[in-house]
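One structure is given below, encoded as structure tokens.
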Amino acid sequence: VRCREREISLRSNRRRHHPVMADLTSVQVALRIRPQLGKEKVEMCRECISVVPDSSQVVLGKDRAFTYDHVFGTDSEQEQVFRACVAPLVDGCFKGYNATVLAYGQTGSGKTHTMGTGFEVSQREEFKGAIPRAVELFFERTE
């Protein structure tokens with residue numbers, strides 16, 4: 001089993017770094033780091049993850065690096081995340097492709113904020129999450 005996992009891993013790495021095959025990758029992983037909550041600041045918690053500038057890599061602690069397709073730091077905005085990760089999937093739907101966006105993380109990690117399932121009609125534009133933005137874009141494209 002280990003050899004098979006390694007073989008798959010090598011194949012997917014080759015595909016990701018090959019300029020033509022990168023567009024054919026069916027699964028992409030994005031990481032969004034939420035800013036500290038007020039409670040965390042009061043308790044003097046320290047941030048343990050940092051984004052490597054001009055890359056899709058983060059460092060956890062002092063020496064554990066991880067690479068993703070997209071990385072959004074604590075100062076990222078909803079529109080930025082949507083344009084990079086979700087808008088291309090909505091466009092793909094009009095070309096006959098299926099798409100799924102999955103938010104995964106522990107409680108309090110920011111899934112609801114990013115996806116926007118707590119949508120309110122009176123919510124300011126900059127706080128709208130991926131779902132209301134995707135619905136709006138979908139209907140704009142159908143007009």
Side-chain angles (χ1 to χ4, degrees), residues 1-95 97-141:
V1 175
R2 286 186 185 168
C3 293
R4 179 79 175 131
E5 289 174 357
R6 177 89 173 125
E7 181 183 329
I8 291 169
S9 174
L10 289 174
R11 256 191 269 135
S12 68
N13 284 341
R14 270 190 238 120
R15 194 176 320 137
R16 181 176 294 154
H17 298 295
H18 189 279
V20 175
M21 295 298 288
D23 293 337
L24 301 177
T25 302
S26 59
V27 175
Q28 291 192 7
V29 179
L31 174 72
R32 186 176 192 187
I33 305 167
R34 70 159 174 79
Q36 285 188 323
L37 301 173
K39 177 183 175 184
E40 293 166 335
K41 290 178 182 177
V42 168
E43 293 174 353
M44 298 180 61
C45 297
R46 61 184 183 88
E47 292 185 8
C48 62
I49 190 168
S50 59
V51 178
V52 176
D54 301 320
S55 76
S56 296
Q57 192 172 52
V58 295
V59 177
L60 184 60
K62 294 180 182 177
D63 60 352
R64 298 199 56 182
F66 299 92
T67 304
Y68 298 89
D69 295 298
H70 303 279
V71 172
F72 302 96
T74 57
D75 59 345
S76 64
E77 296 179 0
Q78 297 283 61
E79 178 71 16
Q80 178 186 6
V81 175
F82 176 75
R83 288 286 165 212
C85 299
V86 182
L89 299 177
V90 174
D91 291 337
C93 290
F94 289 97
K95 296 174 184 171
Y97 294 102
N98 294 325
T100 300
V101 177
L102 173 71
Y104 178 80
Q106 73 183 79
T107 301
S109 61
K111 301 176 298 295
T112 301
H113 173 72
T114 298
M115 295 301 286
T117 56
F119 178 69
E120 296 175 18
V121 176
S122 62
Q123 191 173 42
R124 292 194 341 227
E125 184 68 26
E126 66 264 23
F127 295 123
K128 284 185 183 175
I131 293 172
R133 288 175 191 272
V135 171
E136 287 174 3
L137 181 60
F138 181 83
F139 283 108
E140 282 175 18
R141 297 276 199 272

Do [X] and [Y] have side-chain heavy atoms sitting under 4.5 Å apart?
X	Y	answer
His70	Ser56	no
Ile33	Phe72	no
Thr74	Arg32	no
Val58	Val52	no
Val59	Val51	no
Leu137	Phe82	yes

Those residues at least two apart in sequence (or on a different chain) that pass salt bridge (Lys or Arg N to Asp or Glu O under 4.0 Å) with Glu47 are none

Kindly write out the residues that satisfy salt bridge (Lys or Arg N to Asp or Glu O under 4.0 Å) with Glu40, not counting sequence neighbours, or none if the list is empty. Arg34

Between Pro88 and Cys85, what is the shortest heavy-atom contact and its length?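 Here Pro88 and Cys85 meet closest at CD-C, 4.0 Å.
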
Considering all heavy atoms, the nearest Pro132-Gly129 contact: CD-O, 3.4 Å

Donor-acceptor check, side chain of Lys111 to backbone of Gln106, threshold 3.5 angstrom: yes or no?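 Confirmed, Lys111 side chain pairs with Gln106 backbone.
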
Do any N or O atoms from the side chain of Asp69 and from the backbone of Val29 form a donor-acceptor pair under 3.5 angstrom?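 Flag set: sc Asp69 to bb Val29 pair under 3.5 Å.
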
Tell me every residue that passes ring pair (Phe, Tyr, Trp, His ring centres under 6.0 Å) with Phe94, counting only those two or more places apart in sequence or in another chain. Phe138

Report, as yes or no, whether the 6.0 Å neighbourhood of atom CZ on Phe66 holds more than 12 heavy atoms from other residues, nucleotides or ligands.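 Yes, the 6.0 Å shell around CZ holds more than 12 heavy atoms from other groups.
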
Please determine whether the number of non-hydrogen atoms from other residues, nucleotides or ligands lying under 6.0 Å from atom CD of Glu77 exceeds 12. no

[X] [atom1] to [Y] [atom2] distance, which is reported to the nearest 0.5 Å:
X	Y	atom1	atom2	answer
Ile49	Arg64	CD1	CZ	11.0 Å
Glu126	Gln80	CD	CD	14.0 Å
Cys93	Asn98	SG	CG	7.0 Å

Counterpart residues, side chain to side chain donor-acceptor pair (under 3.5 Å), relative to [X] (two or more places apart):
X	result
Gln57	Thr67
Arg133	Glu79
Glu125	Lys128

Do the side-chain N and O atoms of Gln78 and Arg83 include a donor-acceptor pair separated by under 3.5 angstrom?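 The answer is no; no qualifying pair exists.
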
